[in-house]
Amino acid sequence: MVAHVSDVVTLRERVASGSPSETFGSWSLSWQAIAERLSGDTAAAFEAFVLSGAAMSKDVSNAVGEVVLDWARAHGVTHFAHWFQPLTGIPAEKHDAFLSLKVGAHGAVSALDRLPGSLLLQGEPDASSFPNGGLRATHTARGYTVWDPTTPLFLRKEGNAPTLCVPCAYVSYTGHALDHKTPLLRALAALSREATRFLNLVSGSDSVTAVTATLGTEQEYFLVDRAHFAKRPDLLMAGRTLLGRVPSRNQQLEDHYFGPIPARVLAYMSEVEAELCRLGVPVKTRHCEVAPSQYEIAPIFESVSVACDHNVLTMDVMRRVAERHGLVCLMHEKPFAGINGSGKHNNWSMATDTGENLLEPSGERTRFLAVLSAVLWGVHRHAAVLRATVASAGNDHRLGANEAPPPIISAYLGSAIASLVEAAERGEKPELASGAPLAITEKLTVQLDATDRNRTAPFAFTGNKFEYRAVGSSENCAWPMTVLNAAVADAFRTLGDRLEAKLAKGLAREAAVLELAREALTESHDVRFEGNGYAGEWLEEATRRGLPVLKDTPAALGALREGQRTAFLVSQGVFSEEEIAARTEILGERYLKAIDIEAQTLSEIATGLVLPAIEAQAARTGEALEAFRHGGAKVSRQEERLHKLAILAESLLSAAGDLDKQRDDLFAGHDPEPGLRHASTAVVPAIARLRGLCDEAENLVGEALWPLPTYRQMLFPVL
Ligand code: ADP
Ligand code: MG
């Protein structure tokens, strides 16, 4: 049912009012806040646990548990849950009550609330029931959730069951990563280690002690009315519409982007924001996106691991709050054909322990150049694996579809940085042009940025950070972030070794760094592309340059099966070979299952809903024809229409039958590769054929007889 404005107002009161800065973080508890509530030695022991992984004694962990319990109880919380991110696409949580029983004299039982440190630190869920790529089996099922104290604990205040969520990593009994967080934490540690060494080699000091990667996620999404959603089996089952005619007006007037936000949507957005703000997610930006009913939310950037957790939490809150507003939040990369899909731009940079942004062009020039060269070298070297991290059945519809970057990893720098880099490549002294003021009227002046924007580049430099634009909207950013940070860590390691060798040969430091940057830029030259990534010529040019052109998920996953491509992940300690093989299998399986669900759903809709609609239309047209003939009217066009309906019904049945047949072969055989190839070369085209016929039917069947909410009704709701 559609929520009424008055309901929405009451719902809004769930999250009491208050400015964002007043309510920020009131439902979250950071490790620093826990430490503040502990006494001297205990606080120091806890800090050592968080910062250097030192083991805590039982007394210390119990004291931490008590602090957490007191805080949670003060918020009326009765349960806690280890909150983790298995490879299912959504977070997992198993709730336990704080309830504990104490048996006293003569067996008298009393109840009390407890949170022993051991339960806070570690949980033990069954690992065989989550995707594990063969790493676990039902008879070897043990897995562990392990508290990651660097992301604040938070409260889930859903319904009458407020729950304390404990952000965790999740591994098997053998220590294999079964989640998104474990490899991400390993990659960030690798980046910090390699970047610290590299920067100190560049500066000839030991002033840098740690490097943190930073991430700000721009999350795009669609909102549809729950009543419409409920009548679309395709949205329910597959998360995207599998049929539907694009309405006459869609996005061609370019009037939705940054347009006025409808009141009902704004009520939804502000409730999402108020809740996220309390959860400690620094949400900042909201706006209408390019497609009708498409929107965006973006936070202020944070450290990568916290930002990844916060993005997962954001998606979760967005889905839940939508329910309260009679809406459904669609995160799929392409919910509607023919209009823009949704991405999640990952704005990424790195900062020193003193908070200096390493990609700030106005920073120390030699260091900036060295860091930039290393990033480009890493992205060029590991482009294929980076490409694989944004591969999914959903994103296949988006990448390269004139709205998102093509499935080729290239980096855009913008004219000012490009000239700096080109000068360095020629061995000249790199100078940076700065943006200038430009008078646009007699009184108004605009301060130009040093670089323009390029919305077609998958990896675009935007001022003082890179924007990895190819990431899909439904994706967990931890996977692309793991590989990006590991790729850059590998670049710092390789280039650091070379720099060390140059210095050992007696080269002056500044000269050695410039020579190194020149080498790195020359070697990675091909990854730089300043042109229009949407243009067909880029595909040819990229192929000529030898860049990996991996057009869909099966092709992209192939890169993960080539040991020499993934070796850097192993040498940086991010994944073992077994973990990579398992992950590749899981990603392949997810792709196959997504295609299988789409194929089955579409076939059912075609035969169960569209065909009866064609038949009903034919019957009605037939009756009308009889009546018209009776009256002596000319009916040749109508006979033609009836004929078309008959042909369409026949073709539809045949295409649905063909799709069913193709679907049968998806999971044949043990080797997943033929299945993946079959999916992309036979099943996906069969889905497209059947869809084409359904959309033709929508043209021929009257709206009163059409069994599904149309694109027009869903995208242009009367709010
Ligand atoms: P756009 O103009 O590209 O749409 P937005 O303002 O929507 O940009 O989002 C830009 C994102 O980049 C924000 O999340 C912002 O916090 C983030 N960002 C800014 N600086 C950095 C940085 N140094 N590292 C990572 N992310 C950053
Ligand atoms: Mg934006």
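For ligands, and for the atoms within them, numbers begin at 1 and follow the listed sequence. Side chains are part of it too, since the values below use all heavy atoms of this structure and drop only hydrogens, waters and symmetry mates.
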When you compare ligand 1 with [X], is there at least one nitrogen or oxygen pair between them that comes in under 3.5 angstrom?
X: Trp348; answer: no
X: Glu218; answer: yes
X: Ile300; answer: no

> Aromatic rings His287 and Tyr257: how do their planes relate, parallel, tilted or perpendicular, breaks at 30° and 60°?
Replying inline: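 Perpendicular, since the angle between the ring planes exceeds 60°.
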>> For Trp348 and Phe466, take the angle between the two ring planes, folded into 0 to 90°, and tell me which bin it lands in: parallel under 30, tilted 30 to 60, perpendicular over 60.
In response: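 Because their plane-to-plane angle lies in the 30° to 60° range, the rings of Trp348 and Phe466 count as tilted.
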>> With side-chain hydrogen bond (donor to acceptor under 3.5 Å, both in side chains) as the criterion, how do Asn340 and Gln251 come out once you've worked through the C-alpha distance, each side chain's angles and the decisive distance to 0.1 Å?
In response: CA-CA 8 Å; Asn340 272 20; Gln251 61 186 45; 3.0 Å; yes
>> Are His397 and Phe336 an aromatic pair, judged by ring center distance below 6.0 Å?
In response: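 No - the distance between ring centres of Phe336 and His397 does not fall below the 6.0 Å cut-off.
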>> When you measure from the heavy atoms of Glu467 to every atom of ligand 1, does any distance fall below 4.0 Å?
In response: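 It does, in that a heavy atom of Glu467 comes within the 4.0 Å cut-off of ligand 1.
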> Between Asp148 and Lys181, is a salt bridge (charged side-chain N to carboxylate O under 4.0 Å, His left out) present by the stated rule, with each step listed?
Replying inline: CA-CA 9 Å; Asp148 164 25; Lys181 182 176 265 242; 2.3 Å; yes
Region of [X] engaging ligand 1 - heavy atom pairs below 4.0 Å:
X: Glu296; result: side chain
X: Asn357; result: side chain
X: His345; result: neither

>> Measuring from atom 15 (C) of ligand 1, which candidate in Pro299, Ala351, Ala298 has the nearest non-hydrogen atom?
In response: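 Checking each option, the heavy atom nearest atom 15 (C) of ligand 1 is found in Pro299.
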> Is the closest side-chain heavy-atom distance between Met350 and Phe492 below 4.5 Å?
Replying inline: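 They are in side-chain contact.
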